[in-house]
J.: 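I'd like to ask you about the structure that follows.
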Protein chains: 4
Amino acid sequence: MKHHPVLPKERILETALKLFHEQGYNTTGINQIISEAGVAKASLYLHFKSKEDLGVEYLKARHAIWYEQLLSFTNESKKEKKKILATFDFLIDINEKENFRGCSFLNMLSEIQPDESKLLAVIQDYKQELRNFFADTMENPKDNLSDTVYLLFEAAMQESQLFKSQWPVEKAKKIVSDLYKLKYFK
Amino acid sequence: MKHHPVLPKERILETALKLFHEQGYNTTGINQIISEAGVAKASLYLHFKSKEDLGVEYLKARHAIWYEQLLSFTNESKKEKKKILATFDFLIDINEKENFRGCSFLNMLSEIQPDESKLLAVIQDYKQELRNFFADTMENPKDNLSDTVYLLFEAAMQESQLFKSQWPVEKAKKIVSDLYKLKYFK
Amino acid sequence: MKHHPVLPKERILETALKLFHEQGYNTTGINQIISEAGVAKASLYLHFKSKEDLGVEYLKARHAIWYEQLLSFTNESKKEKKKILATFDFLIDINEKENFRGCSFLNMLSEIQPDESKLLAVIQDYKQELRNFFADTMENPKDNLSDTVYLLFEAAMQESQLFKSQWPVEKAKKIVSDLYKLKYFK
Amino acid sequence: MKHHPVLPKERILETALKLFHEQGYNTTGINQIISEAGVAKASLYLHFKSKEDLGVEYLKARHAIWYEQLLSFTNESKKEKKKILATFDFLIDINEKENFRGCSFLNMLSEIQPDESKLLAVIQDYKQELRNFFADTMENPKDNLSDTVYLLFEAAMQESQLFKSQWPVEKAKKIVSDLYKLKYFK
DNA sequence: CATGAATGAGACTTCATTCAT
DNA sequence: AATGAATGAAGTCTCATTCAT
């Protein structure tokens, strides 16, 4: 646990990234983080004002990674429908790689208290960004049809975590595909 | 804190019902529960083997209440479409009454660890029951179209908790209504 | 755990006999006893005034069993030396059967507090009885030579528990045998 | 309870040394230790991983003190016989000073469970060291005669704790003295 | 910049005992 | 004679945070 090449701050964030996602925010204690990061306790509080602050940085880092992966899936196609359907392929991929741990942001949402408003604001921002992504990707801006996809996407993530199965993703993908055929999205 | 009229076991469960739902499972300690229930600590462990066991009983009680309320909304109509749309009215009602605390079951899902398998099993059971409810309510059994509604319903709950707003429910309800008009559900 | 043929009081004592000896007095809780005996908690306090009282009854019952086994070994011979040496054979036998749990009385001695005087008195009585047994078995009353055997016997029990090995018993037996040859015991 | 001069870790160990020896290991709770040491609970767990670990440190510290006292008694003589007999004088002294609390190591032996293997290993080590001390002190290595003394020494400690009396020590000492006269030890 | 020591508050669980039925 | 419910006290251990160095 000693003499890592990277800086303490990075090690802390990396470790938090792993543990908060795998075990949850409340379940992961400061002690486990510093122990696995190989860092002194005071060092954590030197770089992060509080656990909530570390939580915020965790969400930021997680968002960056998550979003990049999403784009790498959607950027392979030019057509709207293919781009949209590719988002569900991304979910299948991440479910497999991360063993159905679901959405980091929704998971933290369930854990936070009313007084942890910083965390809530960050989560809302990133989810709004995802809504915007779907809206921007879909050509027809009329009537927020993109939210249909957004809601199905969110449900797919949540339900595959719940049932530890890919069926919700596959079903959501099929629903979206059918709706395209039905000209639901004009 | 003394001389309550009801039995200790009931007081414990009632208090847990309130606190687990309002504050979350991990955030709510055994001490707060017994203090607010006006009961000795050993009394809790007399009636519930562990906190996880109390959590299971909480989910059972919550399910009973929740499901009854759902049915009271859907039973007001005879027609399928109206029944289905009424489920979203139920969400709007409960969001308002409970200040957007979202779904007890999904919230707990985010908090539990792999070793708390009893809790996961209970959550999965109740969600499967909800899936079955939609399937049974919708006449056309072909192709599990009912899961479209199920997924939108789940997303509506989750997203209204996230944004502290009714728009996801209203949007989901409109989507379902439009799909009926489009003959999506045959 | 239900509908045993024997009386509750007997079941409690039998269970305590097993558990106190195997696990120790303080380590064994009242709850485990009643659970394994299949008896209500109040039933225990109906038949035994307190845990200490149950402890006293345990020592009595244990003594009866232990002493009977000891006599069954010594009664096989008529000669003093053979009788004495047989006591060590008894130790070897009981060590094997009970997996080196040592002496119930000395074990409890280590656990009791100054205020548990009833237990101490019982232990002292039974150990004095053992001293008397050696004194009565050995013909020559002069100078309490029997205490040499008593002390070696006690040490053999204690040390075989400590080292989880029969060597202390075998060594003690050999020492006594040698002393006989040396005419130490006249 | 505040502003003690020595470091918390030392105060904890000192207090444990006193309480474990006087009251026993299981009977002495962590709460009493920190209360009498004037230290926060978390401080105990900062310096000692668990109660068992504190128990190990207690045994180490106890051994150091005990052994030093033993040597101070035996080092006063050059001759083997006098050295050996001095060990029993040491027992008489410690019995008096410590009010017949017996041997810390044997007392803990009676309390520990099979899963507390660290403690058992430490106890066995120190007792083996004592065996070696007798073997090294006695010139004639033939036939492990030193174990005769070791066993009598152990019994003397145990039995004086049991009977709250010096007679077992005095008797053991006399036996050893007689054996020297008998040329038992060659 | 980095650290190990120290802490108050609280986590979950079990103790031996009593009481009303 | 027998029981299950109820309890105050205590059990071991961990929480997020601060401070002097």
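Just so we're clear, the structure is a prediction, and the values are computed from it rather than from any experiment. Below, chain A is the first sequence line, B the second, and so on; all start at residue 1.
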J.: Cation over ring, Lys51(D) on Tyr25(D), under 6.0 Å and within 45°?
T.: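 Yes, a cation-pi geometry.
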J.: Would Arg11(B) and Glu14(B) count as a salt bridge (charged side-chain N to carboxylate O under 4.0 Å, His left out) if you check the C-alpha gap in whole Å, the side-chain angles of each, and the deciding distance to 0.1 Å?
T.: CA-CA 5 Å; Arg11(B) 292 212 301 277; Glu14(B) 258 177 52; over 6 Å; no
J.: Roughly how many Å is it from NZ in Lys49(B) to P in dT14(E), rounded to a whole number?
T.: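 That distance rounds to 11 Å.
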J.: Tell me: CG of Leu19(D) to P of dT12(F), nearest whole Å?
T.: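 About 12 Å, once rounded to whole Å.
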J.: So which nucleotide does dA1(F) pair with, by the Watson-Crick or G-U wobble rule with both distances under 3.5 Å?
T.: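 Partner of dA1(F): none found under 3.5 Å.
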J.: Assess Lys18(A) against Tyr58(A): is NZ or CZ under 6.0 Å from the centre of the six-membered ring, and within 45 degrees of the ring's axis?
T.: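 No cation-pi geometry.
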J.: Asn31(A) side chain N/O closer than 4.0 Å to the phosphate oxygens (OP1, OP2) of dC15(F)?
T.: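 Yes, such a contact exists.
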J.: Could you tell me how far apart Leu46(B) (CG) and dT13(E) (P) are, to the nearest whole angstrom?
T.: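 The distance from CG of Leu46(B) to P of dT13(E) comes to 15 Å, rounded to the nearest Å.
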J.: Does Lys41(A) put a side-chain nitrogen or oxygen below 4.0 Å from OP1 or OP2 of dG4(E)?
T.: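 No.
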J.: What is the base-pairing partner of dA11(E), counting Watson-Crick and G-U wobble geometry with both distances under 3.5 Å?
T.: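 dA11(E) is paired, partner dT12(F).
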J.: Which nucleotide wins on minimum distance to the side chain of Ala42(D), given the candidates dA2(E), dC15(F), dA6(E)?
T.: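 My answer, after comparing the listed nucleotides, is dC15(F).
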J.: Given 3.5 Å as the limit, does a donor-acceptor pair link the side chain of Glu57(C) with the main chain of Leu54(C), or not?
T.: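 Here the side-chain-to-backbone pair does not exist.
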J.: Can you figure out which of dT7(F), dA16(F), dT13(E) approaches the side chain of Ser43(B) most closely?
T.: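 Selected nucleotide (nearest to the side chain): dT7(F).
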J.: What is the distance, rounded to the nearest whole Å, between atom CZ of Phe20(A) and atom C1' of dA16(F)?
T.: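 For the pair Phe20(A) CZ and dA16(F) C1', the rounded distance is 11 Å.
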J.: With rounding to the nearest 0.5 angstrom, report the CD to OG distance, Gln158(A) to Ser110(A).
T.: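 Interatomic distance, Gln158(A) CD to Ser110(A) OG, rounded to 0.5 Å: 6.5 Å.
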J.: Does a side-chain N or O from His47(B) land closer than 4.0 Å to OP1 or OP2 of dG4(F), or not?
T.: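 No.
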J.: In whole angstrom, what separates Phe48(A)'s CZ from dA2(E)'s P?
T.: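 Checked: the CZ to P distance equals 12 Å.
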J.: Expressed as a whole number of angstroms, how long is the span from Leu44(B):CG to dA11(E):P?
T.: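 In whole Å, dA11(E) P and Leu44(B) CG are 12 Å from each other.
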J.: Please pick, from dA2(F), dT13(E), dG8(E), the nucleotide with the shortest atom-to-atom distance to any side-chain atom of Ala40(D).
T.: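 So the side chain of Ala40(D) is nearest to dG8(E).
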J.: Does a side-chain N or O of Tyr45(C) approach OP1 or OP2 of dT17(E) to a distance below 4.0 Å, or not?
T.: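 True: Tyr45(C) side-chain N/O within range (under 4.0 Å) of dT17(E) OP1/OP2.
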J.: Which one is paired to dT7(F), where only Watson-Crick or G-U wobble pairs with both distances under 3.5 angstrom count?
T.: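 dA16(E) is the nucleotide pairing with dT7(F).
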J.: Would you mind reading off the distance between Ile33(C) atom CD1 and dC15(E) atom P, rounded to a whole angstrom?
T.: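 Rounding to the nearest Å, CD1 of Ile33(C) and P of dC15(E) are 10 Å apart.
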J.: Please report, rounded to the nearest Å, how far the P atom of dT7(F) is from the NZ atom of Lys9(B).
T.: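 Interatomic distance, NZ of Lys9(B) to P of dT7(F): 15 Å.
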J.: Select one nucleotide: of dT17(E), dA2(F), dT17(F), the one nearest the side-chain heavy atoms of Ile30(A).
T.: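 Of dT17(E), dA2(F), dT17(F), dT17(F) is nearest to the side chain of Ile30(A).
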J.: Let me know, please, whether Thr28(B) or Gln32(C) comes out on the 5' side of the other along DNA chain E by nearest nucleotide.
T.: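 The residue whose closest nucleotide sits nearer the 5' end is Thr28(B).
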J.: Select from Lys51(D) and Lys51(A) the residue whose nearest nucleotide in DNA chain F is closer to the 5' end of that strand.
T.: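 Closer to the 5' end of DNA chain F: Lys51(D).
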J.: Do the side chain of Gln124(A) and the main chain of Leu162(B) share a donor and acceptor less than 3.5 angstrom apart?
T.: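 The answer is yes, because a donor-acceptor pair under 3.5 Å joins these two groups.
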